[in-house]
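Let me begin by presenting the structure, written as structure tokens, before commenting on it.
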Amino acid sequence: MAAASLLSPHFLLNPKLSIQTSASKFPIPKSRSTPRTRVFSATFSDPFVLQIAETLEDSLSSSSSSSLLLQKLRDASSQTVLSTAWPSRKDESFRFTDTSLIRYSQVTPISHPPTSIAISIDTQYPNISIVDGHIVNSLSNLSQLPTGVFVGSLSSLSSETISKRVSEFVANFEGDLFWSLNGLGTPDLVVVYVPAGCRVEMPLHIMYYSVEGGDIGSKKLPVSNPRVLVLVEEGGEIGVIEEYVGGGENKCYWANAVTEVVIGEGAKVKHSYIQSQSLSAAHIKWTSVQQGSSSSYELIEVSTGGKLSRHNVNIQQIGPDTVTELSSFHLSVSDQTQDLHSRLVLDHPRGYSRQLHKCIVAHSLGQAVFDGNIKVNRHAQQTDAGQLTRSLLLEPRATVNVKPNLQIIADNVKCSHGAAISDLEENQLFYFLARGIDSETARKALIFSFGGEVIERLPYSLIRKKVETHIKALLEPTLKGSP
């Protein structure tokens, strides 16, 4: 039988043990304007984490951006890295996620993009290309953006007004170890700025390419650390497409990415996230969102790549009347782990949220993980929150672990959640067979439609068709000859 774990939902806030350490015990990193000195101490660090941190720092060449804001980010990240151990299966948040692919590899930062880049840009939208964590302007096209919108590196940002606004959100959120390693090793920060009242008609396509990679069995694992900050001022609107692709099916690499989204009062962001990295790669992604009052944020996610793929989503409501919609579809067709950890915190009245998570595990060694936490605090009265997770297991030993978690402290709310784990239902197959449709065609139709509920929500037809074709190609070998 397929393995499935459905943890009991939590309705009460559980107390947590908190240990605090004085920051004064740690050495303070010096500015890049002074001679570089080692800022890490093995006394407080996990040896493996310390090794990665040191190689990340060494990879930052003297030509890397040395702006005060980026240095602020690196300094804050280094302090967190010093006191954080590498995650293990003993940690609750990694109980079902094995990170040994990274832990037992030779992690080597990619200090510069490849000298010769043979990449075909497949988009009709304004786009910026990030290759192995580095912005490549020659592959980018931003000419169709309206006046006042800035998209580019922090090091090329000349506007003092925008710089001042960006400074308010750099290093003001603390994630896990991978968040901090990204902040320590990112060569530059990509800034997307939309001024107040500006509506960007065409979506911005951020294309991430992983080119450098090790061969299977070599233990070499190049790591890139792309980081993006999207800042949309009051009343602004923009669509953002993040697409991650790899240079080869069997290339081994680690993409360790962070995206921060700050949405002003009454602003709207439509966020599409497509992940189709190498099936031998590690892909760890953080998405952190702050929503102002009356703002709207919609995330549609399709994740199919990576031997280890984990997406951490953290959304903080900082005003009333917000709308948050999260839709995700994960597909595991190999010995992959597809992991989604999401956290939505509602602190203000009349918030609205909907979350739909769907996954298909089509391999006997494949695994999917979902840990979705919605917290409705005391002042979030009249909140309307819904969460649903559905998993489809197509092989006898396929595994899924889901943990829907709804924590409600407010007393005047409308909240619901549900979870289902199953194979294809016999009565659905019988419906097709009774009408003369063969079993293989029936299974294909049912499986494609299962993921199609999320895919059809992608707001851009070109991206939607591309994703549909990719999903069908991945599932075709699995479905051939199915009973």
Side-chain angles (χ1 to χ4, degrees), residues 67 69-70 73 123-130 135 137 140-173 186 188-208 226-243 257-274 286-301 313-319 321-326 458-460 462-463:
S67 72
L69 289 182
L70 196 57
L73 173 63
T123 184
Q124 297 181 6
Y125 306 121
N127 62 88
I128 184 168
S129 295
I130 301 174
I135 302 171
N137 292 320
S140 306
N141 181 4
L142 302 170
S143 60
Q144 301 177 70
L145 293 175
T147 303
V149 174
F150 175 84
V151 177
S153 65
L154 179 63
S155 57
S156 66
L157 180 57
S158 58
S159 170
E160 292 186 8
T161 302
I162 299 178
S163 295
K164 184 177 180 181
R165 286 290 287 153
V166 169
S167 68
E168 298 175 24
F169 303 102
V170 171
N172 72 338
F173 173 78
T186 186
D188 208 337
L189 174 67
V190 177
V191 176
V192 179
Y193 178 82
V194 179
C198 177
R199 181 181 180 185
V200 184
E201 297 290 343
M202 299 184 72
L204 172 67
H205 198 163
I206 306 176
M207 307 183 72
Y208 302 82
R227 194 178 188 103
V228 175
L229 171 63
V230 180
L231 175 54
V232 185
E233 299 285 19
E234 180 180 348
E237 295 184 28
I238 191 172
V240 176
I241 304 166
E242 288 191 291
E243 183 177 5
V258 168
T259 300
E260 298 175 87
V261 183
V262 180
I263 309 173
E265 181 178 350
K268 297 180 180 180
V269 173
K270 288 188 175 183
H271 185 183
S272 303
Y273 164 54
I274 315 297
W286 261 94
T287 299
S288 174
V289 182
Q290 293 184 35
Q291 283 191 252
S293 60
S294 302
S295 67
S296 172
Y297 175 71
E298 181 180 8
L299 171 65
I300 302 98
E301 169 184 354
V313 180
N314 187 88
I315 300 177
Q316 177 72 50
Q317 178 200 54
I318 56 175
D321 301 298
T322 58
V323 175
T324 307
E325 297 181 88
L326 309 176
L458 290 166
Y460 314 108
L462 293 176
I463 299 298

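Keep in mind the model is a prediction, meaning the values are calculated, not measured.
A heavy-atom distance below 4.5 Å is found between the side chains of Leu326 and Ile315. Counting heavy atoms from C-beta on, the side chains of Tyr208 and Val228 come closer than 4.5 Å. Counting heavy atoms from C-beta on, the side chains of Ser272 and Ile463 never come closer than 4.5 Å. Counting heavy atoms from C-beta outward, Ile162 and Leu157 have side chains that approach closer than 4.5 Å. Annotation: side chain of Val190 is not in contact with side chain of Ile206 (no heavy-atom distance under 4.5 Å). Using a 4.5 Å heavy-atom cutoff, the side chains of Phe150 and Ser159 are not in contact. When side chains are defined from C-beta on, Leu145 counts as touching Val151, because their heavy atoms get closer than 4.5 Å. Leu204 has its side chain within reach of Leu142: a pair of non-hydrogen atoms, C-beta onward, lies under 4.5 Å apart.
Using modelled atom types, no side-chain atom of Thr324 and backbone atom of Tyr297 make a donor-acceptor pair closer than 3.5 Å. Looking only at distances, no side-chain donor or acceptor of Ser163 sits under 3.5 Å from a matching main-chain atom of Glu160. Checked by atom type and distance alone, the side chain of Asn141 pairs as donor or acceptor with a backbone atom of Ser143 at under 3.5 Å.
Across all their heavy atoms, Ile263 and Ser296 have their closest contact at CD1-O, 4.1 Å. Pro195 approaches Gly148 most closely through the heavy-atom pair CD-O, 3.4 Å. Heavy-atom minimum distance, Ile128 versus Gly152: CD1-CA, 4.3 Å. In terms of heavy atoms, Leu154 sits closest to Ser67 at CD2-OG, 3.5 Å. Annotation for Gln124 and Met202: closest pair O-CE, 3.6 Å, computed over non-hydrogen atoms.
Between the side chains of Gln291 and Thr322, not a single donor N or O lies within less than 3.5 Å of an accepting N or O. For the 3.5 Å distance criterion, the side chains of Tyr125 and Gln144 fail to qualify, holding no donor opposite an acceptor.
Of the charged side-chain nitrogens involved, at least one lies within less than 4.0 Å of a carboxylate oxygen, so that Glu260 and Arg227 count as a salt-bridged pair.
The distance from atom NZ of Lys270 to atom CD1 of Ile238, rounded to the nearest 0.5 Å, is 13.0 Å. The line from CD1 of Ile241 to NE2 of His271 is 9.5 Å long, rounded to the nearest 0.5 Å. In this structure, Arg199 CZ and Glu237 CD are separated by 5.0 Å, a value rounded to the nearest 0.5 Å. In this structure, Ser167 OG and Asn172 CG are separated by 10.0 Å, a value rounded to the nearest 0.5 Å. Note that NE2 of His205 and OG of Ser129 are 8.5 Å apart. Values are rounded to the nearest 0.5 Å.
Heavy-atom contacts from other residues, nucleotides or ligands closer than 6.0 Å to CD of Glu168 number more than 12.
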